[in-house]
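Right, one structure below, let's go through it.
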Amino acid sequence: MNPSEPSLFEIRNLTVAYDRRPVLEDVDLTIPAGKLVAIVGPNGAGKSTLIKAALGLIPRLSGAFFAFGKPFGRADARIGYVPQRESVDWDFPVSVMDVALMGTYGRVGWMRRPGKTERLAAEHALEAVGMREFARRQISQLSGGQQQRTFLARALAQDASLYFMDEPLAGVDHATERAIIDLLRGLRSRGRTAVVVHHDLQTVPEYFDEVVLLNKRIIASGPIEQAFTATALHEAYGGKLLTLGPLAPEAPSEAVREVRSER
């Protein structure tokens with residue numbers, strides 16, 4: 001990224017603690033525009049916490065955030081969020097279309113009913129994730145993969161410039177995973193950025209442009225070829241990584257296989 005241009009999103013000196021125990025310490029991170037960025041690290045590394053703190057969803061001890069070159073401290077329609085599927089109340093009585101329409105509320109406001117323009121945006125978003133035929137179905141009647149697609153449709157309907165996604169590929173079938181990756185690549189082709197908490201190290205080089213290796217602090221961040229290294233993986237995962245091989249997508253490392261076996 002050109003240093004003379006404002007960063008898309010920047011985190012400075014972020015520290016978060018639960019019950020006085022630090023979960024994130026002195027995190028500095030710059031997110032470039034037009035990239036797919038993976039956040040990876042062991043369980044308890046603070047991956048979800050990083051996203052939630054950046055969006056102001058949880059309190060922090062310290063830290064400043066900048067979005068689109070300006071201080072950021074509240075909701076912005078240009079920033080979308082896809083939470084972990086497990087954090088959503090799927091028994092709440094709303095339809096798939098209702099959820100997709102929620103993505104348009106940043107434009108129309110919560111007190112106004114979505115109009116024809118918003119409904120078309122929601123329909124197009126559902127079509128993009130293969131859920132249009134389920135528009136009237138209650139979300140409690142969906143499979144796990146369909147639920148994930150529905151929340152992605154909500155994010156698409158928002159038409160944001162930057163998306164934070166918390167493990168959108170966790171627990172989905174292969175077809176849904178490929179559909180989500182195709183969707184992310186489509187966002188990138190339109191100049192959008194997606195920051196994705198991800199759990200499968202083996203697919204990082206194939207799916208993403210940049211990576212953030214996290215374990216309560218930033219171990220390494222940047223383009224895959226620079227940051228996704230054996231040394232950085234060892235530092236992030238510690239004793240879970242015993243044998244390291246090449247990290248190219250066509251030759252998955254022994255380290256990656258070992259981490260997957262630990263899950």
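Only heavy atoms go into these numbers, but all of them, side chains included; no hydrogens, no water, no symmetry mates.
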Kindly write out the residues that satisfy side-chain contact (heavy atoms from CB on, under 4.5 Å) with [X], not counting sequence neighbours, or none if the list is empty.
{"X": "Phe92", "result": "Asp89, Val94"}
{"X": "Thr176", "result": "Arg149, Val172, Asp173, Ile180"}
{"X": "Ala135", "result": "Met97, Leu126"}

Of all the heavy-atom pairs spanning [X] and [Y], show the shortest one and how long it is.
{"X": "Ser221", "Y": "Ala227", "answer": "C-CB, 3.6 Å"}
{"X": "Ala53", "Y": "Val16", "answer": "CB-CG2, 3.9 Å"}
{"X": "Pro32", "Y": "Thr193", "answer": "O-OG1, 3.3 Å"}
{"X": "Ala125", "Y": "Ala153", "answer": "CB-O, 3.3 Å"}
{"X": "Ala54", "Y": "Phe72", "answer": "O-CE2, 3.2 Å"}
{"X": "Ala155", "Y": "Val82", "answer": "CB-CG2, 3.7 Å"}

ILVMFWY cluster, Leu101 and Leu120 together (side-chain gap under 4.5 Å):
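Leu101 does not cluster with Leu120.
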Linking I/L/V/M/F/W/Y whenever their side-chain heavy atoms sit closer than 4.5 Å, directly or via other members, would Ile11 and Leu61 fall into one cluster?
no
Can you tell if the side chain of [X] reaches within under 4.5 Å of the side chain of [Y], non-hydrogen atoms only?
{"X": "Ile218", "Y": "Leu214", "value": "yes"}
{"X": "Leu8", "Y": "Lys35", "value": "no"}
{"X": "Arg192", "Y": "Asp159", "value": "yes"}
{"X": "Leu36", "Y": "Ile181", "value": "no"}
{"X": "Phe65", "Y": "Leu55", "value": "no"}
{"X": "Tyr237", "Y": "Asn215", "value": "no"}

Indicate yes or no for a side-chain donor-acceptor contact from [X] to the backbone of [Y] under 3.5 Å, with no hydrogens or angles considered.
{"X": "Arg154", "Y": "Asp98", "result": "no"}
{"X": "Thr15", "Y": "Asp26", "result": "yes"}
{"X": "Asp28", "Y": "Asn13", "result": "yes"}
{"X": "Ser95", "Y": "Gln138", "result": "no"}

Could you give all pairs that pass the ring pair (Phe, Tyr, Trp, His ring centres under 6.0 Å) test and reach [range], with sequence neighbours left out?
{"range": "residues 132-158", "answer": "Trp90-Phe151"}
{"range": "residues 24-51", "answer": "none"}
{"range": "residues 154-198", "answer": "Phe9-Phe164, His198-Phe208"}

Can you see whether Glu177 engages Tyr207 through a side-chain donor-acceptor pair at a distance of less than 3.5 angstrom?
yes
Partner set under side-chain hydrogen bond (donor to acceptor under 3.5 Å, both in side chains) for Ser140, not counting sequence neighbours:
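Checked Ser140 against side-chain hydrogen bond (donor to acceptor under 3.5 Å, both in side chains); zero matches.
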Quick one: salt bridge (charged side-chain N to carboxylate O under 4.0 Å, His left out) pairs with a partner in [range], sequence neighbours left out?
{"range": "residues 131-141", "result": "Glu123-Arg132, Glu127-Arg132"}
{"range": "residues 209-231", "result": "Arg188-Asp209, Arg217-Glu235"}
{"range": "residues 38-63", "result": "none"}

Can you list everything that forms a salt bridge (charged side-chain N to carboxylate O under 4.0 Å, His left out) with Arg178? Sequence neighbours excluded, please.
Glu206
Can you name the salt bridge (charged side-chain N to carboxylate O under 4.0 Å, His left out) partners of Arg185, sequence neighbours left out?
none
Looking at Val195, Val197, Ile39, which one forms a side chain to side chain contact (heavy atoms under 4.5 Å, CB included) with Asp166?
Val197
Atom OG in Ser48, atom CG in Leu57: separation rounded to 0.5 Å?
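Ser48 atom OG to Leu57 atom CG measures 11.0 Å (nearest 0.5 Å).
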The test is salt bridge (charged side-chain N to carboxylate O under 4.0 Å, His left out); show your working for Arg78 and Asp76 and say whether it passes.
CA-CA 5 Å; Arg78 294 172 293 177; Asp76 188 317; 2.9 Å; yes
